[in-house]
2 protein chains.
Amino acid sequence: MLSFTEENYLKTIYHLSDNGLKSVMTNEIAEMMETKPASVTDMIKRLAAKSLITYEKYYGVNVTKNGKSEALSIIRKHRLWETFLVAKLGFSWDEVHDVAEQLEHIQSPLLIEKLDEFLGFPSSDPHGHPIPDKHGKFHIARQILLAESTGKKASACAVKNSTPAFLQYLSKIGIYIGASVQVLEKIEFDGSLEILVDGKKKVYISREASENILVTE
Amino acid sequence: MLSFTEENYLKTIYHLSDNGLKSVMTNEIAEMMETKPASVTDMIKRLAAKSLITYEKYYGVNVTKNGKSEALSIIRKHRLWETFLVAKLGFSWDEVHDVAEQLEHIQSPLLIEKLDEFLGFPSSDPHGHPIPDKHGKFHIARQILLAESTGKKASACAVKNSTPAFLQYLSKIGIYIGASVQVLEKIEFDGSLEILVDGKKKVYISREASENILVTE
DNA sequence: AATATTTTTTAGACTTATCTAAATTTTTAT
DNA sequence: ATAAAAATTTAGATAAGTCTAAAAAATATT
């Protein structure tokens, strides 16, 4: 069983590796974990000893199949908890991360299965990130910028900019993750869009805003 | 801020002290925590240094006002989580303890307030134990044995025996924490009772069973 | 009251996770 | 190709939490 700390390192390394596609360097990890490179080297050895990563001195680490599966299980828990906090407890998008960061380490497969069921087996979290299923499988919907949407009905699935100011603005005009959005008209003059939110509310948004909202068609 | 371990020790000491009424000895703590007396002595010093307990060598420890307030906050979290697991996720009474033991250490006052609200500000957990409010206040309802109930409508609030076998039996006859129970008739022959559960279902239970169910009138 | 028993504490060692400072290796620039 | 810079690793220290074994204090027994 992994410690709290080992789990955090592994998750960070997995994210930095781009789903296991590339090697990750010691300094990157140190910066992301807000710790010192020397500490990272120590932990790298531990994780390598447990076959979660492979490690070649001075050349960074790669996540193994085992490591990927462990990382996905942690990410699954994190995203299910975020979903719970927003959907059931009324947290806002920007309040959930730190709490989910703690909750993701709770050890109880039964709890996660029941939580998943309670939430209705969601496929993405409040930020629009996919939630892996219990086998680590997840579906990456092709996301496009709302600015590039062609007028079909689409579903808001993520934001590029997640500053409180932007999130509040979105909330104000009725856009949330999962909201239906449809581009009705593109104003050639400034690139702003008239969109239909949830099939009923028409609003205008600037080109800049439309380039920070991701949708799946 | 207290560590995971410090919180566990403090909670155990508080329980052993009977809500702060009596001194607690090193060996008691060691046994309850499944650790060695030497380790307890170390931790006692840490907790005393933080003014959560007072400590006189060879004569055990007492919980301070601060310590009591910290302990109650942890107990509040534990019981709210247990309530959540049973009421919302469909855990059974006997499955929740280990998970709640982990969840009680999550640090987020906002989370606990929202969870409390989500659960409808419950005053007792699935085992019938009182849940302290955010100021540490709780109401201890006078609990009597169902066997000693006089025929008024009462509310099942706790069990003395919490073996899976007994809990399953209760579940089968429709008794749960919070269920309304009313003694209709006492059979003098063997002390068994005919009771009305939730105002509709009549069942007979043995004297022994009725001496393991606590109710508040 | 002296001795035996039990309880508790101390002393010293081990593990995990961290750090700083110094040494080493790789990469970059001349 | 060599020197300078950057990245990484090693060595040694620290703190939390645990242990065992031995010492000390309190309690119980005769």
Side-chain angles (χ1 to χ4, degrees), chain A residues 1-18 22-63 67 70-71 74 98 101-102 104-107, chain B residues 1-14 16-18 22-63 67 70-71 74 101-102 104-107:
Chain A
M1 226 200 58
L2 298 184
S3 74
F4 189 98
T5 313
E6 288 167 331
E7 290 196 347
N8 280 335
Y9 271 93
L10 181 59
K11 192 185 58 159
T12 298
I13 292 169
Y14 176 76
H15 277 134
L16 289 171
S17 79
D18 233 332
K22 61 182 201 213
S23 298
V24 183
M25 295 300 158
T26 302
N27 272 7
E28 284 183 86
I29 301 168
E31 192 182 353
M32 189 68 101
M33 302 279 303
E34 295 182 313
T35 183
K36 304 293 167 183
S39 306
V40 173
T41 302
D42 288 346
M43 182 54 74
I44 276 174
K45 288 176 182 169
R46 293 174 56 78
L47 295 177
K50 295 190 176 186
S51 302
L52 297 163
I53 57 177
T54 55
Y55 163 51
E56 202 184 342
K57 264 188 179 184
Y58 294 101
Y59 291 93
V61 302
N62 284 91
V63 182
E70 274 293 339
I74 301 162
D98 291 349
E101 203 72 10
Q102 296 180 64
E104 74 189 8
H105 300 292
I106 301 294
Q107 302 288 344
Chain B
M1 225 201 57
L2 299 184
S3 73
F4 189 99
T5 313
E6 288 166 331
E7 289 196 347
N8 281 335
Y9 270 93
L10 180 59
K11 193 185 57 158
T12 298
I13 292 169
Y14 176 76
L16 289 172
S17 79
D18 233 332
K22 61 182 202 214
S23 299
V24 184
M25 296 301 158
T26 303
N27 272 6
E28 287 183 83
I29 301 169
E31 194 183 352
M32 190 67 103
M33 301 279 302
E34 297 184 310
T35 184
K36 304 292 165 184
S39 306
V40 173
T41 302
D42 288 345
M43 183 54 73
I44 277 173
K45 289 176 181 168
R46 292 173 55 78
L47 294 177
K50 296 191 176 185
S51 301
L52 298 163
I53 58 177
T54 55
Y55 163 50
E56 201 185 340
K57 265 189 180 183
Y58 294 102
Y59 291 93
V61 301
N62 284 92
V63 182
E70 274 292 340
I74 300 162
E101 203 71 9
Q102 296 179 62
E104 74 190 7
H105 301 293
I106 301 294
Q107 302 289 342

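Residue numbering restarts at 1 for every chain, and letters A, B, ... go by the order of the sequence lines.
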| field | Separation of atom CD in Glu34(B) from atom P in dC19(D), rounded to whole Å | value | 11 Å
| said: In this structure, how many angstroms lie between the P atom of dT16(C) and the CG atom of Leu2(A), rounded? | reply: 13 Å
| query | At under 4.0 Å, does any side-chain N or O of Thr5(B) touch on OP1 or OP2 of dG17(D)? | reply | yes
| message | Going by the rule side-chain hydrogen bond (donor to acceptor under 3.5 Å, both in side chains), which residues pair with Glu104(A) if we only count those two or more places apart in sequence or in a different chain? | response | Lys11(A), His78(A)
| task | Identify, with sequence neighbours excluded, every residue that meets side-chain hydrogen bond (donor to acceptor under 3.5 Å, both in side chains) alongside Glu7(B). | result | His105(B), Gln107(B)
| message | Tell me every residue that passes side-chain hydrogen bond (donor to acceptor under 3.5 Å, both in side chains) with Glu28(A), counting only those two or more places apart in sequence or in another chain. | response | none
| Should the heavy atoms of other residues, nucleotides or ligands under 6.0 Å from CD of Glu101(B) be counted, would the total exceed 12? | yes
| note | Atom NZ of Lys36(B) and atom P of dT7(C) are separated, to the nearest Å, by 14 Å
| Does a sphere of radius 6.0 Å around NZ in Lys50(A) hold more than 12 heavy atoms from other residues, nucleotides or ligands, not counting ones at 6.0 Å or beyond? | yes
| field | Interatomic distance, Ile29(A) CD1 vs dA17(C) C1' [rounded to whole Å] | value | 16 Å
| query | Given dA16(D), is OP1 or OP2 found less than 4.0 Å from the side-chain N or O atoms of Tyr9(B)? | reply | no
| said: Working to the nearest 0.5 angstrom, can you tell me the gap between Leu52(A) CG and Leu47(A) CG? | reply: 6.0 Å
| remark: Between Val63(B) and Tyr14(B), the two heavy atoms sitting closest are CG2-CA, 4.1 Å
| message | Just N and O in the side chain of Ser3(A): are any of them under 4.0 Å from OP1 or OP2 of dT16(C)? | response | no
| remark: To the nearest angstrom, the CE-C1' distance between Met43(B) and dC19(D) comes to 14 Å
| note | Where DNA chain D forms runs of at least three Watson-Crick or G-U pairs (i with j, i+1 with j-1, under 3.5 Å), the stems are C:1-30 with D:1-30
| said: Just to be sure I understand the rule, does Phe4(A) reach a base, reach only the sugar-phosphate, or reach nothing, if contact means heavy atoms closer than 4.0 Å? | reply: nothing
| query | Going by heavy atoms in the side chains, are Tyr9(B) and Thr35(B) under 4.5 Å from each other? | reply | yes
| Phosphate contact (dC19(C) OP1 or OP2) by Thr35(A) side-chain N/O below 4.0 Å | yes
Could you write out each protein N or O paired with an N or O of nucleotides 3-10 of chain D at a distance under 3.5 Å?
| unit_1 | atom_1 | unit_2 | atom_2 | d |
| --- | --- | --- | --- | --- |
| dT8(D) | OP2 | Asn27(A) | N | 2.8 |
| dT8(D) | OP2 | Asn27(A) | OD1 | 3.0 |
| dT8(D) | OP2 | Asn27(A) | ND2 | 3.3 |
| dT9(D) | OP1 | Tyr55(A) | OH | 2.7 |
| dT9(D) | OP1 | Tyr58(A) | N | 3.1 |
| dT9(D) | OP2 | Thr26(A) | OG1 | 3.0 |
| dT9(D) | OP2 | Thr41(A) | OG1 | 2.9 |
| dT10(D) | OP1 | Lys57(A) | NZ | 2.7 |
| dT10(D) | OP2 | Lys45(A) | NZ | 2.5 |

| note | Thr12(B) meets the side chain to side chain contact (heavy atoms under 4.5 Å, CB included) criterion, sequence neighbours left out, with Leu16(B), Met32(B), Met33(B)
